[in-house]
Structure formats: C-alpha cells, structure tokens
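Reviewing the structure listed below.
Being a predicted model, the structure only gives us computed values, none of them experimental. Hydrogens, waters and symmetry mates are skipped; everything else that's a heavy atom, side chains included, is used.
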Amino acid sequence: QVQLVESGGDLVQPGGSLRLSCAASGIYPVDWYRQAPGKQRELVATITPGSSTNYQDSVKGRFTISRDNAKKTVYLQMNSLKPEDTAVYYCHAEVGFRHYWGQGTQVTVSS
C-alpha cells in the first residue's frame, strides 16, 4: 500500500518561503501538484528516486524539489512566493500503473 502524507503548508507573506514535506511509504518517483480555487490541478515539480528533477516554468528558479531516501521523504522548498502560488499542494506517485495522492496541504500567500 502506497501512502503519501504532506505537511508544511501555511500562510506566508509575498516574498516569503515555505518548505513542504511528503512522507512516503517507499521510494518512488514523486511529483508535487497544486490546485488553486476554480482551477485545474497542475504539475509543479517531479523527482526520480535518483534525484533527477523537472519543474513547471512558472516556478523555475524559485522552487526546489529534493528528497532524502533514508527518510523516504520528498521536499518542496518554495522561495520568493507570490499570491498566485496560493493553492492546495498535493504529493503524487504512480506505482505499478496506479496513481496515489496525499491529502493535500494548504499554502496561502497573502499580505
């Protein structure tokens, strides 16, 4: 059974930083997605078990995805946050052709 548990969401001012964590039940390729109110869920960043990464253009240079395989945890460091980054952030993994999601963590960027 694949389990993903996010944490770290909070209210932060524009220009601030947050680090999200995704605690997993194993070592898998992991993605961070986000969904803003009234919008479709979108892919933010991906990381392979070997730590190869990829990013959505709008977060390049501001967000960093990383992982600690010993802790089975994937992180999303978010810097220079903007109001448009406000969303529920979800951890996702595809394992054995099945999709697994965490419960989500709310990030709100507002003054």
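With 3.5 Å as the limit, one finds no donor-acceptor pair spanning the side chains of S58 and Y55. R41 and Y33 share no side-chain donor-acceptor pair at under 3.5 Å. Checked by atom type, the side-chain pair Q35/Q40 shows no donor-acceptor distance below 3.5 Å. A side-chain donor from one of N79 and S17 sits under 3.5 Å from a side-chain acceptor of the other.
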Next on the checklist: Please evaluate residues T64 and L76 with respect to the criterion side chain to side chain contact (heavy atoms under 4.5 Å, CB included), reporting the C-alpha separation (whole Å), side-chain torsions for both, the decisive distance (0.1 Å), and the verdict.
Outcome noted: CA-CA 6 Å; T64 302; L76 186 67; over 6 Å; no
Checklist entry - What's the verdict on side chain to side chain contact (heavy atoms under 4.5 Å, CB included) for H99 and H92, showing C-alpha distance, side-chain angles and the deciding distance? => result CA-CA 7 Å; H99 294 267; H92 165 266; 2.8 Å; yes
Next on the checklist: Quick one, D68 with T73, criterion side chain to side chain donor-acceptor pair (under 3.5 Å). Give me CA distance, side-chain angles, the key distance, then yes/no.
Outcome noted: CA-CA 5 Å; D68 183 337; T73 301; over 6 Å; no
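A side-chain donor-acceptor contact under 3.5 Å links S25 to the backbone of Q3. With hydrogens and angles disregarded, no donor-acceptor distance shorter than 3.5 Å links the side chain of T53 to the backbone of I65. Distance alone, capped at 3.5 Å, is enough to place a donor-acceptor pair between the T105 side chain and the G9 backbone.
The side-chain heavy atoms of D85 and R62, taken from C-beta on, include a pair separated by under 4.5 Å. Between L18 and L81, some side-chain heavy-atom pair lies under the 4.5 Å cut-off. In this structure the side chain of P29 reaches within 4.5 angstrom of the side chain of P49, judged on heavy atoms.
Legend: residues meeting ring pair (Phe, Tyr, Trp, His ring centres under 6.0 Å) with Y100, ordered by chain and number and at least two apart, are absent.
Residue L20 is grouped with residue V12 when hydrophobic side chains (ILVMFWY) are merged at heavy-atom distances under 4.5 angstrom, including chains of intermediate members. No path of Ile, Leu, Val, Met, Phe, Trp and Tyr side chains, each step under 4.5 Å between heavy atoms, connects V44 with V88, placing them in separate hydrophobic clusters.
Distance check: T46 OG1 to N54 CG gives 4.5 Å after rounding to the nearest 0.5 Å. A distance of 11.0 Å separates CD1 in I47 from OH in Y75, rounded to the nearest 0.5 Å. Between the CE atom in M78 and the CH2 atom in W32 there is a gap of 8.0 Å [rounded to 0.5 Å]. For the atom pair OG of S110 and CD of Q13, the computed distance is 8.5 Å after rounding to the nearest 0.5 Å. Considering CD of E94 and OH of Y28, their distance stands at 13.0 Å, rounded to 0.5 Å. Note that CD of E6 and OH of Y90 are 8.5 Å apart. Values are rounded to the nearest 0.5 Å.
Residues L43 and Q56 come closest through the heavy atom pair O-NE2, 3.0 Å. Considering every non-hydrogen atom in both L4 and A24, the closest pair reads CD2-CB, 3.8 Å. For the residue pair A87 and R34, the shortest heavy atom distance occurs at CB-CB, 3.8 Å. Nearest heavy-atom pair across P14 and S111 is CD-N, 3.7 Å. Of all heavy-atom pairs spanning I27 and R67, the tightest one is CG2-NH2, 3.8 Å.
The pair D57-K60 meets the salt-bridge criterion, since a charged nitrogen lies less than 4.0 angstrom from a carboxylate oxygen.
Contacts classified as disulfide bond (SG atoms under 2.5 Å apart) and involving residues 42-111 (residues at least two apart or in different chains) are given here: C22-C91.
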